[in-house]
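Following: one structure in structure tokens, then a few remarks.
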Amino acid sequence: MEKIKFITDTACDIPLSTAFAQGVEEAPLTVTVLGKTYREGYDISPQEFYQLCAKSKELPVSAGVNYTEYHTRIVKAWEEGYTAVCIVCINARGSVSYTAACHARDDFFEEHPEARDSLRIELVDSRTYSIAYGIPVMKAARMAKDGKSLDEILSFFDDWFDRVEIYFCPLTFEYVKRSGRVSRTIAFVGDALGIRPVIHIIEGKTAADAKVRGNSKITEAMEKIAASRMLPAGDYGILVGTPRELAEDLERRLTRYTGHPPAVVESAGPCITINGGPQLVAFCCLNRVPRGEYGITGQLYRAAGTVAGAAAKTAAAAAETVAGTAAKTAAAAAKAGEELLKNVADKLGRQQTGPEEK
């Protein structure tokens, strides 16, 4: 049986203790606030970060996982006798973490060429954020303990990331304004009118799905979105900053709709808070219908397959044409040969019978 080490990053918003219990490693992203840099999850908790954000006049900043964090964990896994390492990263288009993981993998094999036949390293770009990739990583670790192969787990990831969606609502425009995602004018008007946007994140892209007046309408709007898109039997999770009461109401609504509780209810970590603010509530779920065989990656595979298929058909047609031409040429040559032999036989026959007739 394969011995698989799963590595993700702290932006998955799964507590370190929960990940450790499943045997999952979390490489830290870093956040800088009030002039000091912290390792997310290791040096600062979400609640401590919320408090610092309230004191900071400048927008905190985050940085992706350092290359060394991945490299060190890969070396450790190899030394501990793991046969495979699976690294699941935050959306590659929103962080350098995936690139750092790629460099760490390549450098490891360059430094340890003898490991190429004994250690398999797979990198997965989740194309999403927060618990939307934290939940499946924890589930994958349980699958591995139950004897599932890495290939089976990678297929599970393909389907999950091809369906998963995030819906979040910031209770204030302050952070989306400071991060430059909306203009100051829109933020001012939105806050003045009490507008609360429900925004989705799908394949790393964001757009508003609903706008409501006041906090009391937020969970109702989210429930309607879930009823229109969510796969009821699938796992889902809830993420929250400071508005715990809204999260509890959302949990009741989604539990009633799906018939089962969320897989997790977690606090929004610093990296998510920087973009949405501490006053945030969100949920992630699986869509009833996949976006494609394997999302963006699958689209590339299908495009390559289409080109390869067309090339194969062209080659087959060309071969058939060449074969047909060759066959016709051979038939014509055979016929010509038969005619030649017949003529020669006729001449020989005439030569043989000629003297006897004289």
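For this chain, numbers begin at 1 and follow the sequence in order.
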- Do I202 and M222 share a hydrophobic cluster, counting only Ile, Leu, Val, Met, Phe, Trp and Tyr and linking them when any side-chain heavy atoms are less than 4.5 Å apart? yes
- Query: Ignoring hydrogens and geometry, is there a side-chain-to-backbone donor-acceptor pair from T83 to K3 under 3.5 Å?
  - Reply: yes
- Candidate pair E25 and K76, rule salt bridge (charged side-chain N to carboxylate O under 4.0 Å, His left out), full reasoning: CA-CA 11 Å; E25 299 236 4; K76 181 183 175 184; 3.7 Å; yes
- Message: Please find the pair of heavy atoms, one from R39 and one from P28, that lie closest to each other, and give the distance.
- Response: CB-CB, 4.0 Å
- Say whether Y42 and V31 are linked into one hydrophobic cluster, either directly or through other cluster members, by side-chain heavy-atom distances under 4.5 angstrom. no
- Where do F168 and A282 come nearest, in terms of heavy atoms and distance? CB-CB, 3.4 Å
- Item | Between N66 and T68: side-chain donor-acceptor atoms closer than 3.5 Å | yes
- Is there a chain of hydrophobic side chains (I, L, V, M, F, W, Y, each step under 4.5 Å between heavy atoms) that links F6 to V164? yes
- Check for a donor-acceptor pair, side chain of D125 on one end and backbone N or O of A92 on the other, with a separation under 3.5 Å. yes
- Could you verify whether a donor N or O on one side chain and an acceptor N or O on the other, from D9 and S97, lie under 3.5 Å apart? no
- Which word best sums up how the rings of H112 and F108 line up, parallel for under 30°, tilted for 30 to 60°, or perpendicular for over 60°? tilted
- Please assess Y133 against V124 for the test side chain to side chain contact (heavy atoms under 4.5 Å, CB included), listing each intermediate value before the final yes or no. CA-CA 10 Å; Y133 67 96; V124 179; over 6 Å; no
- Task: Mind running side chain to side chain contact (heavy atoms under 4.5 Å, CB included) on T30 and T32 for me, showing each step along the way?
- Result: CA-CA 7 Å; T30 59; T32 301; 5.6 Å; no
- Main-chain N/O of L29 paired to T10 side chain as donor or acceptor, under 3.5 Å: yes
- Query: Which atom names give the shortest non-hydrogen contact between V137 and V24, and what distance separates them?
  - Reply: CG1-CG1, 3.9 Å
- Determine, stepwise, if the pair E165 / I225 fulfils side chain to side chain contact (heavy atoms under 4.5 Å, CB included). CA-CA 11 Å; E165 301 175 349; I225 291 172; over 6 Å; no
- Item | NZ on K205 to CG on N91, rounded to 0.5 Å | 10.5 Å
- Query: Under 3.5 Å, is there a donor-acceptor pair linking the side chains of N275 and Y129?
  - Reply: no
- Task: Compare every heavy atom of I131 with every heavy atom of I14, then report the nearest pair and how far apart it is.
- Result: CD1-CG2, 4.3 Å
- Message: Starting from Y82, can I reach V88 by hopping between I/L/V/M/F/W/Y residues whose side chains sit under 4.5 Å apart?
- Response: no
- Query: Taking only residues two or more places apart in sequence or in another chain, which ones pass ring-ring contact (aromatic ring centres under 6.0 Å, His included) with Y167?
  - Reply: F283
- Message: Ignoring hydrogens, what is the shortest heavy-atom contact between K148 and I4? Give both atom names and the distance.
- Response: O-CD1, 4.3 Å
- Under the salt bridge (charged side-chain N to carboxylate O under 4.0 Å, His left out) criterion, do D209 and K224 qualify, and how do the steps go? CA-CA 11 Å; D209 282 76; K224 288 181 179 178; over 6 Å; no
- State, to 0.1 Å, how close Y38 and L52 come at their nearest heavy-atom pair, and which atoms those are. OH-CD1, 3.7 Å
- For the side chain of R288 and the backbone of S228, is there at least one donor-acceptor N/O pair under 3.5 Å apart? yes
